[in-house]
Every structure is written in structure tokens, then in C-alpha cells.
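Written out below as C-alpha cells is the structure these notes cover.
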Protein chains: 2
Amino acid sequence: MNPKKKQLLDAAYQLFVEKGYQSTSIQDILEHSNVSKGTFYNYFSSKNELFIDVFNTVFEKMRTARKEILVGRDVSDYETFIQQGNCYLELMQKYKLYTLFEEAIASNEKELKTFMENNRLLEIEWTFERLRDLFGQTKEPYLLDLAVIYTGMLQYAMYFFRQSEPNTQPERVVRYVFNRLTHLVEDVSRTEEQLIPPRFLSVWLDRPQDEVVIRKDLFEKTSAHMKRLITLSSISEESKEAHEEVLDFIYEELLERKKPKIHLLRRALETMDEDPVFAGQEIMATYKAMVDEIARIRTKTS
Amino acid sequence: MNPKKKQLLDAAYQLFVEKGYQSTSIQDILEHSNVSKGTFYNYFSSKNELFIDVFNTVFEKMRTARKEILVGRDVSDYETFIQQGNCYLELMQKYKLYTLFEEAIASNEKELKTFMENNRLLEIEWTFERLRDLFGQTKEPYLLDLAVIYTGMLQYAMYFFRQSEPNTQPERVVRYVFNRLTHLVEDVSRTEEQLIPPRFLSVWLDRPQDEVVIRKDLFEKTSAHMKRLITLSSISEESKEAHEEVLDFIYEELLERKKPKIHLLRRALETMDEDPVFAGQEIMATYKAMVDEIARIRTKTS
DNA sequence: AACATTTTAGACTCATAGTACAAAAGGAGC
DNA sequence: GCTCCTTTTGTACTATGAGTCTAAAATGTT
């Protein structure tokens, strides 16, 4: 990397951590990095962009450190998860990032806010996936809720714990909160209370493709169901083949094409729907609804 | 209230809620309130002060609304607590205060930050006391922890819930989080895990007087214990009286005087300590330690 | 040495918080 | 209607900070 750019990133990082975002002026950064204003704006178009550049790599480092703890270990081991949480929080503490991140996420700078919100979501996603490792697929419907409230508990407990014992290892807090969590997993899977369905994760992270993936299993089953219906029906072999072709076409087009030809697909579906074999069949209505939904999601993507 | 001041407060409130704190300039407020700059600085010494003035009354209103739900009801009724939580969150939502408060608490303006942090602490305190109403004095050692993580769960659950279903009643979230809490009360009182002792509440809220109150009971008992020791001892009646006088003096001076005469009190304690009656008595050491501690707290206050 | 790129310093614009102050407006008492 | 006092206004001013622009200097390349 260009030395001037590196000087800027280093000085900016230090000053942001020390004084916060607002309170660090570009002038400050220039003085601490021996770089002139002209050069600054040669590398970054704004203070926001600089911030994002600095903390993108910081986030990256923290995630890598956390990921390394997992190698060669059982993903379902509680202790590993606790160590990962502890590691992340220790880095937050070591680099005094709490207040800075709070400032950035609450900032009125739209770019910054979006950047930080996205990182917060990535944290929730990571936690969600780790909880699935720990507690198993069967608990999945409740795990987004739990990931969210786990993060909330951890944040707040850390905040107030720091007030009562500054410079302490966060491990006690992580353990405390994790112990609570294990009880809540049992609790919610017994009472079957759900607040936010896990599919919202993909919605929030703006990954509509994932929504399709979530629906894929169900769609495959419904598709197979339709085929069975056709095979068992009393229509001509030719019609059967025709219908099956349509089903395969829709499946491929809808799930595997990059740019599905939605209109064509709908037309094919309509012609199939006209066959009296499907009249009054509930499965046909379900199938059509699923095609509609996935089509809607996929058009939104492109 | 002066009409000009009211105009300012009203316009400021509206603009802060609409655009946030940073993004609302004083110029904006002046234009929306038909007040000139001179008058503005006649009533408020800064934008910070204006904000604090505006939201002090907002907080006041929200707390009053919440308090009114309790009148004529059983303080240990779960449903009432849920309604109170719901009421508070609905007001937050109605007036779109979430993002604004986040901005203020993370702000680099020291005044603002302190104001918001103090309000956050008052929230924790309120929750702590209500949890004591609900779950009883016996759970007290764990209730600060629970108040903290309850608040954290609620904040985070609300944040993400709003993302998935904007404009919804927060009641579902409150219920969900409260149900989790009831389990955690059992959980922590069984495992006896404690993270932050409740006395920290008074420390955080900068109410050292409360620390004295907490110790008062214990000090009274120790004091009485000392008196019994004296009565039962084989020293002259005169010495007994002298010692009792000292004990009473220390008690009054230490706990009831506005400005306790610490040095005088210590001298008296020393002379008493010299009496061989107390030699090797463990209670004397305890008593002296307690006097020291309370004296330390009380000198810090004044 | 000639040319190309990077870097610099500082002048400039614009927005904003807060100060200062003289002039105008608006009562209250007579 | 006049006087005295307070409130209000408008405007000019200082200071700070983000971001633009540019001519000149420094540095690198062929």
C-alpha cells in the first residue's frame, strides 16, 4: 500500500480511538500523519470514507482472530463459543472501540450508519449460525430471537460491568450471559415462542437470493408432489410428458437461471393450469402461490 | 411559561425528532419558531441545554404515564409490569425517540452524554425496583444483573423487531422478553450467579448517601453488640457510661450529622480502643473497620 | 535533461455555534 | 402621550471544520 495512504490510515485509527469520530478533525489527522490536505483528498473522498476504510480492516482482523479459535475444534463445543465471544470483546476493549462504535452507529452520517448497521447484522448472523452449531438444527426457528437477545444481554452487561470494574476480562460476563442463554434455548423450544422468523436475516442483509434458498426445499417437494399427481392421473402419456416438461422448465428457470424468464414461465404455468386434471386440487394452488412468491423475490434481486 | 421560550421548545422538539440532533441547526429552530437568535441565547446558553430542557420534560411525561398504570394495582402483578413496559415503549415509538436517543447517548457532547446516561441509569433503577416488587426481596442480589440484561434484551429485540415489522405494538416483544426473564430469575437464584452487586446502582447514580443507608442496619447491630459487650464487662460503671457515650456520639456523628466531625470521632474511638476490655475482641476490629468505611464514604460526599 | 506524477501549502467556499451590541418594539405607570 | 424598562430583533463578528482548487515544489521515470 502507498506509504502516504498507510500513514493516513494509521493516524486516523489512533485519533478516532482516542478522541472519537466527530472530535477528530481532518486537520488533526493531517498533522499526525505528515500528509497534506491535497494528498488526503487524493486517497479518500471524505472523512466518512476514511473511517469505513480504517474499520473495515479492524473488523476483518477481529473476525479472523475469532475464526482462528475454531480451527480443529468441535463447532458444537460450548467452551469454544465462549472463548470466541471473549476474544472478540477483549479486542473491543483493548482497542477501546465501544464508545467509538456507538458513536458511529448512532451518527447522522448515512454512509457511516449503514456501514455500522451492516456490521451489526453480520455479528447477529455469525451468532445465529454459531448457535445453530451449538444447539442443533431443530432449534433453528428460535435461534434468531436468541442471537438477538444474546447480543443485547452481552452488550448491556458489558457496558455496566465496565462501569463497576474497568479493565477487567470480559470472560466473566460472557460466561454469565452464555449460561443464561443455555436456559433460554430450552425455555423457548419448550414454549415454542417465536418473535422473528430466521428468514428475516437474509432480508435484513439484503440477500434476497437466500430467501430463495430457504424456499428451495419446500418448492422441490411441492414440485415432486405435482409430478406424482400427474403420473397417477388418467390423462394421456403425451399430456403427462408435456406437464412434466413444464414443471422441469419452471423449476430450472425459477431456481437456476440467473435471469429467469418470468413471463414465459407464467404463461406455461397457465396453460398447465387449464388442464381439468388440476381443477380443485389444493396442491396446484399451493404450487402457484410458491411460484409467485419466488418469482417476486427473484425479480426484486435483478 | 414565556411564550417565546415555549415556541423554541416546541419547534426544537419537533425538529430534533424529525431530523436528529446534529442535523438540526439552530438556524432551523429559529426559522421554525419565529424567534431571533438573540432571544434564543437569552433563554438557552447552548443547543445542548435546549435539548436537555426539551427531553427532561419528555422523560418526565413518559415516567408519569408509566407510574399512573400502577395506581390501585398490586405491585407484584406481572401483567401490570408488562403494561408499564409496553406503555413506555409505545411512547418511544410514537414520538420516534429511538434513533434520537441513540444519537444523544453516543454523542461527543459531554453534557448531553451525561444527561442521557443518567436517564439510562434511572431506567435501570426503576426496573431493578420493579423486579424486586415482582420477585421479592430474597432475589435482590441477582436483580441488578437481571435489570441490566432485561433492558438489553428489550432494546435489541425491539430494534430488530421494528426492522421486521415497523409500526407494530411493542407488546409482543415485551411479553416475549418478560417470559424469558421469569425463567432467568429462577435460573440465577438457583445457581447463585452474580455479576454486579446491587449496591453499584447507588455508586453509578452518584448517591453515596445510599451507600451509607445500605450499611446502616449492619452498623446499628454492631453498635448494639458493642454495648452489650460493655454492659457485661467487669469494668467500673463510670467507664461503662463513658464508653456508651462514645458509642452514641460516634453513631450520631457518623450517621446523622450533615458534616460529621470525623477527626474528633476517630480520637474518641482511639481512646476507647485503648481500654483492655476490648483487647483481642474481634467485634472491635469489625466496628473500627465499619467506622472507617462509612467515614470514607461520607467525606467523599461533602 | 525532459517529462510525468505525486505532494504540498494555502487560499477559498460554505455551513454552523456562539458572541456582541445597537436599534426597534412593546408594555406599565403617570 | 410621554417616560422608563424589558424584551426582542437583526446583523455583524469570531472561530472551527469539511471539502475544493491550484500553482508551485518535490519526486520519480525514461
Side-chain angles (χ1 to χ4, degrees), chain A residues 1-55 99-100 103-104 106-116, chain B residues 1-55 100 103-116:
Chain A
M1 184 185 304
N2 181 298
K4 287 284 167 186
K5 188 172 180 186
K6 188 160 168 18
Q7 275 165 262
L8 279 170
L9 287 170
D10 288 349
Y13 169 74
Q14 205 147 1
L15 287 168
F16 285 149
V17 165
E18 226 169 82
K19 316 181 14 172
Y21 180 73
Q22 292 283 351
S23 308
T24 300
S25 69
I26 289 184
Q27 200 51 45
D28 277 340
I29 299 172
L30 300 181
E31 279 159 20
H32 278 75
S33 60
N34 289 315
V35 173
S36 72
K37 207 169 210 180
T39 309
F40 179 97
Y41 281 101
N42 191 17
Y43 288 110
F44 305 99
S45 69
S46 69
K47 201 174 143 187
N48 282 342
E49 203 185 285
L50 171 65
F51 183 95
I52 292 174
D53 214 336
V54 169
F55 288 98
T99 45
L100 181 63
E103 190 192 344
S107 121
N108 249 323
E109 314 281 321
K110 213 167 181 181
E111 277 175 289
L112 263 200
K113 209 182 165 76
T114 328
F115 171 69
M116 294 303 293
Chain B
M1 185 187 299
N2 181 296
K4 288 285 166 184
K5 187 171 180 186
K6 190 160 169 16
Q7 274 165 261
L8 280 169
L9 288 169
D10 289 348
Y13 169 73
Q14 206 147 1
L15 287 168
F16 285 151
V17 166
E18 226 168 82
K19 315 180 18 173
Y21 180 72
Q22 293 281 352
S23 309
T24 300
S25 70
I26 290 184
Q27 200 52 45
D28 277 339
I29 300 172
L30 299 182
E31 279 159 21
H32 278 75
S33 60
N34 289 314
V35 172
S36 71
K37 204 169 212 178
T39 309
F40 179 97
Y41 282 100
N42 191 19
Y43 288 109
F44 306 99
S45 69
S46 68
K47 200 174 144 187
N48 283 342
E49 203 185 284
L50 171 65
F51 182 95
I52 292 175
D53 214 335
V54 169
F55 288 98
L100 181 62
E103 190 191 345
I105 205 162
S107 121
N108 250 322
E109 315 282 319
K110 213 168 184 182
E111 279 175 288
L112 263 201
K113 209 181 166 76
T114 327
F115 170 69
M116 294 302 294

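Chain letters run A, B, ... following the sequence lines, proteins first, then strands; residues in each count from 1.
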Interatomic spacing from [atom1] in [X] to [atom2] in [Y] - rounded to 0.5 Å:
X: A:Lys110; Y: A:Thr114; atom1: NZ; atom2: OG1; answer: 7.0 Å
X: B:Ser107; Y: A:Gln22; atom1: OG; atom2: CD; answer: 8.5 Å
X: A:Ser23; Y: A:Glu18; atom1: OG; atom2: CD; answer: 11.5 Å

Does [X] have any side-chain contact (heavy atoms from CB on, under 4.5 Å) partners at least two apart in sequence or in another chain, and if so, which?
X: A:Gln27; value: A:Ser25, A:Leu30, A:Glu31
X: A:Lys6; value: A:Met1, A:Asp10
X: B:Ser46; value: B:Asn48, B:Glu49, B:Glu111
X: B:Thr24; value: B:Leu15, B:Phe16, B:Lys19, B:Asp28, B:Ile29

Find the distance [X]:[atom1] to [N]:[atom2] and express it as a whole number of Å.
X: B:Asn48; N: C:dG18; atom1: CG; atom2: C1'; result: 12 Å
X: A:Lys47; N: D:dG17; atom1: NZ; atom2: C1'; result: 8 Å
X: B:Phe40; N: C:dC21; atom1: CZ; atom2: C1'; result: 19 Å
X: B:Glu49; N: C:dG18; atom1: CD; atom2: C1'; result: 13 Å

In terms of ring plane angle, is the pair B:Phe51 and B:Tyr21 parallel, tilted or perpendicular, where the classes change at 30° and 60°?
perpendicular
Under 4.0 Å between any heavy atoms, over every strand shown, what does A:Asn34 touch: base, sugar-phosphate, or nothing? Just pick one.
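Result for A:Asn34 = sugar-phosphate.
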Classify B:Tyr43 by what it touches in the nucleic acid, base, sugar-phosphate, or nothing, heavy-atom distance under 4.0 Å.
sugar-phosphate
Partner residues of A:Tyr43 under the side chain to side chain donor-acceptor pair (under 3.5 Å) criterion, sequence neighbours left out:
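A:Tyr43 satisfies side chain to side chain donor-acceptor pair (under 3.5 Å) with A:Asn2 only.
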Residues two or more places apart in sequence or in another chain: which of them pass side chain to side chain donor-acceptor pair (under 3.5 Å) with A:Asp53?
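Residues passing side chain to side chain donor-acceptor pair (under 3.5 Å) with A:Asp53: none at all.
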Counting only side-chain nitrogens and oxygens, does A:Ser36 get under 4.0 Å of the OP1 or OP2 atom of C:dA9?
no
I want to check one thing: is the phosphate of D:dT9, taken as OP1 and OP2, less than 4.0 Å away from some side-chain N or O of B:Lys4?
yes
Quiz: residues 34-42 of chain B side-chain donor-acceptor pairs under 3.5 angstrom, not counting sequence neighbours:
| unit_1 | atom_1 | unit_2 | atom_2 | d |
| --- | --- | --- | --- | --- |
| B:Ser36 | OG | B:Thr39 | OG1 | 3.3 |

Please give me every residue in residues 106-116 of chain A whose heavy atoms get under 4.0 Å of an atom in DNA chain C, ordered by residue number.
none
Contacting residues from residues 17-31 of chain A, given that a heavy atom lies under 4.0 angstrom of DNA chain C:
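Residues of residues 17-31 of chain A that come under 4.0 Å of DNA chain C do not exist, since none gets that close.
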Give every pair of a protein N or O atom and an N or O atom of nucleotides 20-28 of chain D that lie under 3.5 Å apart, one pair per line with the distance.
none

